Novice: 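Got a structure here, written out as C-alpha coordinates. Questions coming.
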Number of protein chains: 2
Amino acid sequence: MTISSRFAVAVHILTLLETGRGEPLTSEYMAGSVNTNPAVIRRLLSLLARAGLTRARMGAGGGTVLARPAAEITLRDVYRAVECEGPLFSLHHERPNPKCPVGRNIQAVLERATGAAQAALEEQLRGRTVADVMAEVAAEGRVAPAMPR
Amino acid sequence: MTISSRFAVAVHILTLLETGRGEPLTSEYMAGSVNTNPAVIRRLLSLLARAGLTRARMGAGGGTVLARPAAEITLRDVYRAVECEGPLFSLHHERPNPKCPVGRNIQAVLERATGAAQAALEEQLRGRTVADVMAEVAAEGRVAPAMPR
DNA sequence: CATAGTGTTACTATTATGGTAACACATTCG
DNA sequence: CGAATGTGTTACCATAATAGTAACACTATG
(Lines give C-alpha, C1' and ligand atoms only; values in the text may rest on other atoms or scores of the structure.)
Protein backbone atom coordinates (compact mmCIF):
# COMPACT_ATOMS: atom_id res chain seq x y z
CA MET A 1 0.00 0.00 0.00
CA THR A 2 1.20 3.46 -0.74
CA ILE A 3 0.89 6.91 0.69
CA SER A 4 -2.11 8.41 -1.02
CA SER A 5 -2.03 11.01 -3.73
CA ARG A 6 -3.39 13.53 -1.27
CA PHE A 7 0.16 14.59 -0.47
CA ALA A 8 1.06 15.16 -4.09
CA VAL A 9 -2.13 17.10 -4.76
CA ALA A 10 -1.67 19.17 -1.63
CA VAL A 11 1.85 20.17 -2.70
CA HIS A 12 0.43 21.03 -6.10
CA ILE A 13 -2.20 23.23 -4.48
CA LEU A 14 0.30 25.05 -2.29
CA THR A 15 2.59 25.63 -5.23
CA LEU A 16 -0.30 27.09 -7.21
CA LEU A 17 -1.10 29.39 -4.30
CA GLU A 18 2.49 30.59 -4.37
CA THR A 19 2.17 31.46 -8.05
CA GLY A 20 -0.94 33.43 -7.10
CA ARG A 21 1.26 35.69 -4.97
CA GLY A 22 -1.32 36.45 -2.33
CA GLU A 23 -4.27 36.69 -4.63
CA PRO A 24 -7.00 34.24 -3.65
CA LEU A 25 -7.33 31.25 -5.94
CA THR A 26 -10.60 29.35 -6.22
CA SER A 27 -10.84 25.64 -5.80
CA GLU A 28 -12.37 25.56 -9.28
CA TYR A 29 -9.23 27.10 -10.71
CA MET A 30 -6.94 24.76 -8.82
CA ALA A 31 -9.05 21.78 -9.79
CA GLY A 32 -8.38 22.74 -13.38
CA SER A 33 -4.64 22.55 -12.89
CA VAL A 34 -4.75 19.39 -10.84
CA ASN A 35 -7.28 17.85 -13.24
CA THR A 36 -9.71 16.79 -10.56
CA ASN A 37 -13.03 17.78 -9.05
CA PRO A 38 -13.22 20.99 -7.02
CA ALA A 39 -14.71 19.12 -4.06
CA VAL A 40 -11.50 17.12 -3.84
CA ILE A 41 -9.55 20.34 -3.68
CA ARG A 42 -11.86 21.69 -1.00
CA ARG A 43 -11.44 18.63 1.14
CA LEU A 44 -7.72 19.02 1.05
CA LEU A 45 -7.91 22.74 1.63
CA SER A 46 -9.91 22.04 4.72
CA LEU A 47 -7.05 19.97 6.09
CA LEU A 48 -4.43 22.49 5.02
CA ALA A 49 -6.32 25.32 6.65
CA ARG A 50 -6.73 23.30 9.82
CA ALA A 51 -2.98 22.86 9.87
CA GLY A 52 -2.49 26.58 9.47
CA LEU A 53 -0.95 26.37 6.02
CA THR A 54 -3.70 28.16 4.11
CA ARG A 55 -6.41 30.69 4.78
CA ALA A 56 -9.71 30.81 2.98
CA ARG A 57 -12.02 33.67 2.26
CA MET A 58 -15.66 32.85 1.76
CA GLY A 59 -18.20 34.43 -0.47
CA ALA A 60 -18.05 36.13 -3.80
CA GLY A 61 -14.55 37.01 -4.79
CA GLY A 62 -13.35 34.48 -2.24
CA GLY A 63 -10.68 31.86 -2.55
CA THR A 64 -7.60 30.66 -0.73
CA VAL A 65 -4.18 32.08 -0.02
CA LEU A 66 -1.09 30.75 1.73
CA ALA A 67 -1.18 31.49 5.43
CA ARG A 68 2.61 31.49 5.62
CA PRO A 69 5.45 32.33 3.28
CA ALA A 70 6.19 29.42 0.94
CA ALA A 71 9.72 29.22 2.32
CA GLU A 72 8.25 28.52 5.73
CA ILE A 73 6.06 25.63 4.64
CA THR A 74 8.00 22.38 4.55
CA LEU A 75 6.87 19.26 2.80
CA ARG A 76 6.79 17.63 6.21
CA ASP A 77 4.17 20.17 7.26
CA VAL A 78 2.17 19.13 4.22
CA TYR A 79 2.60 15.43 4.89
CA ARG A 80 1.51 15.87 8.49
CA ALA A 81 -1.48 17.97 7.43
CA VAL A 82 -2.94 15.62 4.85
CA GLU A 83 -1.78 12.16 5.82
CA CYS A 84 -1.92 10.37 9.13
CA GLU A 85 -0.05 11.97 11.97
CA GLY A 86 0.40 8.56 13.54
CA PRO A 87 2.63 5.64 12.59
CA LEU A 88 3.36 5.03 8.94
CA PHE A 89 3.91 1.33 9.51
CA SER A 90 1.13 -0.94 10.77
CA LEU A 91 2.22 -3.52 13.23
CA HIS A 92 0.48 -6.86 13.90
CA HIS A 93 -3.28 -6.77 13.68
CA GLU A 94 -3.66 -9.29 16.43
CA ARG A 95 -1.46 -9.18 19.48
CA PRO A 96 1.38 -11.68 19.07
CA ASN A 97 1.50 -14.58 21.44
CA PRO A 98 2.98 -13.42 24.77
CA LYS A 99 3.90 -17.01 25.60
CA CYS A 100 6.60 -16.80 22.97
CA PRO A 101 9.48 -14.51 23.90
CA VAL A 102 9.68 -13.23 20.33
CA GLY A 103 5.96 -12.70 20.28
CA ARG A 104 6.06 -10.92 23.58
CA ASN A 105 8.80 -8.47 22.71
CA ILE A 106 8.74 -8.02 18.97
CA GLN A 107 6.32 -5.11 18.84
CA ALA A 108 8.36 -2.86 21.07
CA VAL A 109 11.40 -3.57 18.92
CA LEU A 110 9.46 -2.99 15.71
CA GLU A 111 8.07 0.26 17.02
CA ARG A 112 11.55 1.60 17.42
CA ALA A 113 12.76 0.37 14.05
CA THR A 114 9.79 1.62 12.10
CA GLY A 115 9.67 4.86 14.07
CA ALA A 116 13.27 5.58 13.12
CA ALA A 117 12.52 4.86 9.46
CA GLN A 118 9.53 7.17 9.51
CA ALA A 119 11.52 9.88 11.24
CA ALA A 120 14.15 9.65 8.50
CA LEU A 121 11.47 10.06 5.86
CA GLU A 122 9.97 13.06 7.61
CA GLU A 123 13.36 14.59 8.18
CA GLN A 124 14.01 14.45 4.46
CA LEU A 125 10.64 16.07 3.76
CA ARG A 126 11.48 18.73 6.29
CA GLY A 127 14.43 19.79 4.21
CA ARG A 128 12.28 20.93 1.31
CA THR A 129 9.79 23.78 1.22
CA VAL A 130 7.02 24.86 -1.08
CA ALA A 131 9.36 27.65 -2.20
CA ASP A 132 11.89 24.99 -3.22
CA VAL A 133 9.22 23.13 -5.15
CA MET A 134 8.23 26.37 -6.81
CA ALA A 135 11.83 27.00 -7.84
CA GLU A 136 12.16 23.48 -9.20
CA VAL A 137 8.93 23.75 -11.14
CA ALA A 138 10.31 26.94 -12.66
CA ALA A 139 13.58 25.21 -13.48
CA GLU A 140 11.74 22.31 -15.14
CA GLY A 141 10.03 24.78 -17.39
CA ARG A 142 9.50 28.46 -17.57
CA VAL A 143 6.83 29.44 -15.03
CA ALA A 144 4.65 31.83 -16.93
CA PRO A 145 2.40 34.01 -14.76
CA ALA A 146 -0.29 31.34 -14.61
CA MET A 147 -2.72 29.33 -16.60
CA PRO A 148 -5.29 31.55 -18.36
CA ARG A 149 -8.17 32.08 -15.94
CA MET B 1 -2.91 4.85 4.41
CA THR B 2 -0.21 2.98 6.13
CA ILE B 3 2.34 0.40 5.20
CA SER B 4 0.67 -2.93 5.86
CA SER B 5 1.38 -5.22 8.73
CA ARG B 6 3.06 -7.60 6.34
CA PHE B 7 6.40 -5.99 7.09
CA ALA B 8 6.01 -6.39 10.82
CA VAL B 9 4.89 -9.99 10.51
CA ALA B 10 7.70 -10.77 8.12
CA VAL B 11 10.28 -9.42 10.56
CA HIS B 12 8.63 -11.49 13.25
CA ILE B 13 8.90 -14.58 11.10
CA LEU B 14 12.55 -14.02 10.30
CA THR B 15 13.35 -13.43 13.95
CA LEU B 16 11.64 -16.67 14.86
CA LEU B 17 13.67 -18.49 12.24
CA GLU B 18 16.80 -17.08 13.81
CA THR B 19 15.77 -18.49 17.19
CA GLY B 20 15.35 -21.84 15.43
CA ARG B 21 19.07 -21.79 14.66
CA GLY B 22 18.85 -23.63 11.38
CA GLU B 23 16.16 -26.06 12.38
CA PRO B 24 13.15 -25.84 10.08
CA LEU B 25 10.13 -24.15 11.64
CA THR B 26 6.63 -24.88 10.37
CA SER B 27 4.20 -22.18 9.37
CA GLU B 28 1.84 -23.62 11.97
CA TYR B 29 4.38 -22.95 14.69
CA MET B 30 5.10 -19.46 13.49
CA ALA B 31 1.42 -18.71 13.14
CA GLY B 32 1.13 -19.52 16.81
CA SER B 33 3.69 -16.92 17.78
CA VAL B 34 2.33 -14.31 15.40
CA ASN B 35 -1.25 -15.14 16.41
CA THR B 36 -2.54 -15.51 12.88
CA ASN B 37 -3.57 -18.16 10.38
CA PRO B 38 -0.84 -20.40 8.93
CA ALA B 39 -1.92 -19.51 5.40
CA VAL B 40 -0.99 -15.89 6.13
CA ILE B 41 2.45 -17.03 7.17
CA ARG B 42 2.78 -19.16 4.04
CA ARG B 43 1.89 -16.27 1.82
CA LEU B 44 4.59 -14.15 3.35
CA LEU B 45 7.08 -17.00 3.30
CA SER B 46 6.46 -17.30 -0.40
CA LEU B 47 7.53 -13.68 -0.86
CA LEU B 48 10.52 -14.05 1.47
CA ALA B 49 11.70 -17.16 -0.34
CA ARG B 50 11.33 -15.43 -3.68
CA ALA B 51 13.54 -12.67 -2.36
CA GLY B 52 16.14 -15.21 -1.28
CA LEU B 53 15.73 -14.57 2.43
CA THR B 54 14.35 -17.99 3.38
CA ARG B 55 14.42 -21.51 2.10
CA ALA B 56 11.63 -24.02 2.50
CA ARG B 57 11.69 -27.74 2.68
CA MET B 58 8.56 -29.55 1.61
CA GLY B 59 7.07 -32.76 2.83
CA ALA B 60 7.01 -34.41 6.16
CA GLY B 61 9.52 -32.97 8.58
CA GLY B 62 9.62 -29.89 6.40
CA GLY B 63 9.59 -26.25 7.33
CA THR B 64 11.52 -23.11 6.67
CA VAL B 65 14.99 -21.84 7.54
CA LEU B 66 16.84 -18.59 6.92
CA ALA B 67 18.65 -18.65 3.59
CA ARG B 68 21.25 -16.19 4.86
CA PRO B 69 22.79 -15.35 8.23
CA ALA B 70 20.52 -13.04 10.21
CA ALA B 71 23.25 -10.41 10.26
CA GLU B 72 23.10 -10.31 6.48
CA ILE B 73 19.37 -9.72 6.23
CA THR B 74 18.53 -6.04 6.58
CA LEU B 75 15.10 -4.68 7.33
CA ARG B 76 15.28 -3.01 3.94
CA ASP B 77 15.57 -6.45 2.35
CA VAL B 78 12.42 -7.42 4.22
CA TYR B 79 10.59 -4.25 3.24
CA ARG B 80 11.49 -4.75 -0.41
CA ALA B 81 10.46 -8.42 -0.27
CA VAL B 82 7.01 -7.97 1.20
CA GLU B 83 5.92 -4.46 0.25
CA CYS B 84 5.92 -2.73 -3.04
CA GLU B 85 9.26 -2.35 -4.74
CA GLY B 86 8.00 0.74 -6.50
CA PRO B 87 7.22 4.23 -5.22
CA LEU B 88 5.97 4.63 -1.69
CA PHE B 89 4.15 7.84 -2.54
CA SER B 90 1.29 7.92 -5.05
CA LEU B 91 1.27 10.93 -7.29
CA HIS B 92 -1.76 12.42 -9.07
CA HIS B 93 -4.28 9.89 -10.28
CA GLU B 94 -5.10 11.93 -13.34
CA ARG B 95 -2.44 13.70 -15.28
CA PRO B 96 -2.30 17.32 -14.18
CA ASN B 97 -3.21 19.94 -16.74
CA PRO B 98 -0.20 20.50 -19.04
CA LYS B 99 -1.58 23.90 -19.98
CA CYS B 100 -0.67 25.11 -16.53
CA PRO B 101 3.07 25.39 -15.94
CA VAL B 102 2.70 24.03 -12.43
CA GLY B 103 0.53 21.22 -13.70
CA ARG B 104 3.02 20.44 -16.42
CA ASN B 105 6.08 20.23 -14.21
CA ILE B 106 4.92 19.31 -10.74
CA GLN B 107 5.12 15.57 -11.12
CA ALA B 108 8.78 15.52 -12.06
CA VAL B 109 9.53 17.69 -9.04
CA LEU B 110 7.40 15.56 -6.77
CA GLU B 111 9.06 12.40 -7.99
CA ARG B 112 12.40 13.73 -6.86
CA ALA B 113 11.12 14.93 -3.50
CA THR B 114 9.22 11.77 -2.66
CA GLY B 115 11.96 9.57 -4.03
CA ALA B 116 14.45 11.22 -1.69
CA ALA B 117 12.12 10.73 1.26
CA GLN B 118 11.63 7.09 0.42
CA ALA B 119 15.36 6.59 -0.01
CA ALA B 120 15.91 8.06 3.46
CA LEU B 121 13.41 5.64 4.93
CA GLU B 122 14.99 2.66 3.20
CA GLU B 123 18.45 3.78 4.18
CA GLN B 124 17.38 3.76 7.80
CA LEU B 125 15.93 0.28 7.41
CA ARG B 126 19.15 -0.80 5.79
CA GLY B 127 21.02 -0.02 8.98
CA ARG B 128 19.24 -2.67 10.96
CA THR B 129 19.38 -6.44 10.51
CA VAL B 130 17.37 -9.38 11.72
CA ALA B 131 20.29 -10.13 14.03
CA ASP B 132 19.88 -6.65 15.54
CA VAL B 133 16.17 -7.27 16.04
CA MET B 134 16.97 -10.59 17.65
CA ALA B 135 19.39 -8.88 20.02
CA GLU B 136 16.82 -6.24 20.89
CA VAL B 137 14.11 -8.81 21.48
CA ALA B 138 16.52 -10.53 23.86
CA ALA B 139 17.28 -7.26 25.58
CA GLU B 140 13.55 -6.54 25.98
CA GLY B 141 13.19 -9.83 27.76
CA ARG B 142 15.17 -12.92 28.26
CA VAL B 143 14.99 -15.03 25.10
CA ALA B 144 14.31 -18.50 26.43
CA PRO B 145 15.02 -21.35 23.96
CA ALA B 146 11.59 -20.99 22.37
CA MET B 147 7.90 -21.31 22.90
CA PRO B 148 6.90 -24.88 23.84
CA ARG B 149 6.26 -26.82 20.69
C1' DC C 1 0.25 -45.70 1.58
C1' DA C 2 -0.59 -42.41 5.28
C1' DT C 3 1.07 -38.42 7.24
C1' DA C 4 3.12 -34.01 7.50
C1' DG C 5 3.91 -29.69 5.55
C1' DT C 6 4.37 -26.30 1.49
C1' DG C 7 2.43 -23.22 -2.02
C1' DT C 8 -1.27 -21.02 -3.95
C1' DT C 9 -5.92 -19.79 -5.13
C1' DA C 10 -10.53 -18.43 -3.95
C1' DC C 11 -13.79 -16.27 -1.06
C1' DT C 12 -15.15 -12.85 2.21
C1' DA C 13 -15.51 -8.85 5.23
C1' DT C 14 -13.58 -4.57 6.14
C1' DT C 15 -11.38 -0.30 5.30
C1' DA C 16 -9.50 3.52 2.72
C1' DT C 17 -9.39 6.27 -1.36
C1' DG C 18 -11.02 9.44 -4.70
C1' DG C 19 -14.63 11.09 -7.87
C1' DT C 20 -19.30 13.22 -7.99
C1' DA C 21 -23.52 15.28 -6.20
C1' DA C 22 -25.78 18.10 -3.08
C1' DC C 23 -26.51 21.79 -0.17
C1' DA C 24 -26.14 24.94 3.95
C1' DC C 25 -23.59 28.82 4.94
C1' DA C 26 -20.93 33.11 4.14
C1' DT C 27 -19.83 37.19 1.58
C1' DT C 28 -19.93 40.56 -2.20
C1' DC C 29 -22.11 43.40 -5.51
C1' DG C 30 -25.70 45.70 -8.10
C1' DC D 1 -32.54 42.94 -0.65
C1' DG D 2 -31.73 39.31 -3.96
C1' DA D 3 -28.63 37.08 -7.04
C1' DA D 4 -24.26 35.40 -7.70
C1' DT D 5 -20.07 33.54 -6.12
C1' DG D 6 -17.38 30.53 -3.52
C1' DT D 7 -16.41 27.71 0.87
C1' DG D 8 -17.01 23.70 3.83
C1' DT D 9 -18.81 19.40 4.54
C1' DT D 10 -21.53 15.31 4.09
C1' DA D 11 -23.30 11.49 1.49
C1' DC D 12 -23.00 8.16 -2.01
C1' DC D 13 -20.58 5.08 -4.91
C1' DA D 14 -17.08 2.31 -7.26
C1' DT D 15 -12.70 0.49 -6.75
C1' DA D 16 -8.68 -1.40 -4.70
C1' DA D 17 -6.04 -3.39 -1.00
C1' DT D 18 -5.65 -6.04 3.13
C1' DA D 19 -5.99 -9.94 6.09
C1' DG D 20 -8.47 -13.95 7.83
C1' DT D 21 -10.27 -18.56 6.47
C1' DA D 22 -11.07 -22.58 3.54
C1' DA D 23 -9.59 -25.68 0.23
C1' DC D 24 -6.62 -28.51 -2.20
C1' DA D 25 -2.80 -30.02 -5.37
C1' DC D 26 1.79 -31.10 -4.74
C1' DT D 27 6.04 -32.75 -2.29
C1' DA D 28 8.70 -35.60 0.74
C1' DT D 29 9.27 -38.91 4.59
C1' DG D 30 8.68 -43.13 7.21
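Because the structure is a prediction, the values reported are computed rather than measured. The figures that follow rest on heavy atoms only: side chains count, while hydrogens, waters and symmetry mates do not. Convention: sequence-line order gives letters A, B, ...; per-chain numbering from 1.
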Novice: What's the CD-P distance between A:E28 and D:dT7, to the nearest Å?
Specialist: 9 Å

Novice: Would you mind reading off the distance between A:E94 atom CD and D:dA19 atom P, rounded to a whole angstrom?
Specialist: 11 Å

Novice: In terms of hydrophobic clusters joined by side-chain contacts under 4.5 Å, are B:M30 and B:L47 together?
Specialist: yes

Novice: Do the rings of A:F89 and B:F7 sit parallel, tilted or perpendicular, given the 30° and 60° boundaries?
Specialist: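 Because their plane-to-plane angle lies in the 30° to 60° range, the rings of A:F89 and B:F7 count as tilted.
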
Novice: Distance check needed: C:dG18 P versus B:F89 CZ, whole Å only.
Specialist: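 So the CZ-P distance, B:F89 to C:dG18, works out to 13 Å.
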
Novice: Tell me: CG of A:L25 to C1' of D:dG6, nearest whole Å?
Specialist: 13 Å

Novice: B:A39 side chain: which of C:dG19, C:dT6, D:dA22 is closest?
Specialist: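 Minimum distance to the B:A39 side chain belongs to D:dA22.
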
Novice: Applying a 4.0 Å non-hydrogen cut-off, can you work out what B:G59 is touching in the nucleic acid: base, sugar-phosphate, or nothing?
Specialist: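 Counting heavy atoms under 4.0 Å across all strands, the contact made by B:G59 includes a base.
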
Novice: Among D:dG20, C:dG18, C:dG19, find the nucleotide with the atom closest to the side chain of A:H93.
Specialist: D:dG20

Novice: Whole Å only: how far is the CZ atom of A:R42 from the C1' atom of C:dG18?
Specialist: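 Those two atoms, CZ and C1', are 16 Å apart.
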
Novice: Any chance CZ of A:R112 has more than 12 other-residue heavy atoms, nucleotides or ligands included, within less than 6.0 Å?
Specialist: yes

Novice: Among the candidates D:dA19, C:dT17, C:dT20, find the nucleotide nearest to the side-chain atoms of A:N37.
Specialist: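 Nearest to the side chain of A:N37 among the choices is C:dT20.
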
Novice: Out of C:dC25, D:dT29, C:dT8, which nucleotide sits closest to the side chain of B:A60?
Specialist: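 Out of C:dC25, D:dT29, C:dT8, the nucleotide with an atom closest to B:A60's side chain is D:dT29.
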
Novice: Take atom CE of B:M58 and atom P of C:dT6, then tell me their distance rounded to the nearest Å.
Specialist: 9 Å

Novice: Less than 3.5 Å between a donor and an acceptor, one on the side chain of A:R43 and one on the base of C:dG19, is that the case here?
Specialist: yes

Novice: Among the nucleotides D:dT29, C:dG19, C:dG5, which one has an atom lying closest to any side-chain atom of B:R57?
Specialist: D:dT29

Novice: Is it true that B:E122 and B:R80 have a side-chain N and a carboxylate O under 4.0 angstrom from each other?
Specialist: yes

Novice: For B:L44 and C:dT8, give me the distance from atom CG to atom P, rounded to whole Å.
Specialist: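 About 13 Å, once rounded to whole Å.
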
Novice: With sugar-phosphate meaning primed atoms plus P, OP1 and OP2, does A:R55 contact a base, only sugar-phosphate, or nothing at under 4.0 Å between heavy atoms?
Specialist: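 Nothing: the residue A:R55, judged by heavy atoms under 4.0 Å, touches no strand.
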
Novice: Can you measure A:L47 atom CG to C:dT17 atom P for me and round it to whole angstrom units?
Specialist: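 After rounding, the gap between these two atoms is 11 Å.
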
Novice: Assign A:S27 to base, sugar-phosphate, or nothing according to its heavy-atom contacts below 4.0 angstrom with the strands shown.
Specialist: sugar-phosphate

Novice: Under 4.0 Å between a Lys/Arg side-chain N and an Asp/Glu carboxylate O for B:D77 and B:R68?
Specialist: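 Yes, charged N to carboxylate O under 4.0 Å.
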
Novice: Please figure out whether A:G63 or B:S5 has its closest DNA chain D nucleotide nearer the 5' end.
Specialist: A:G63

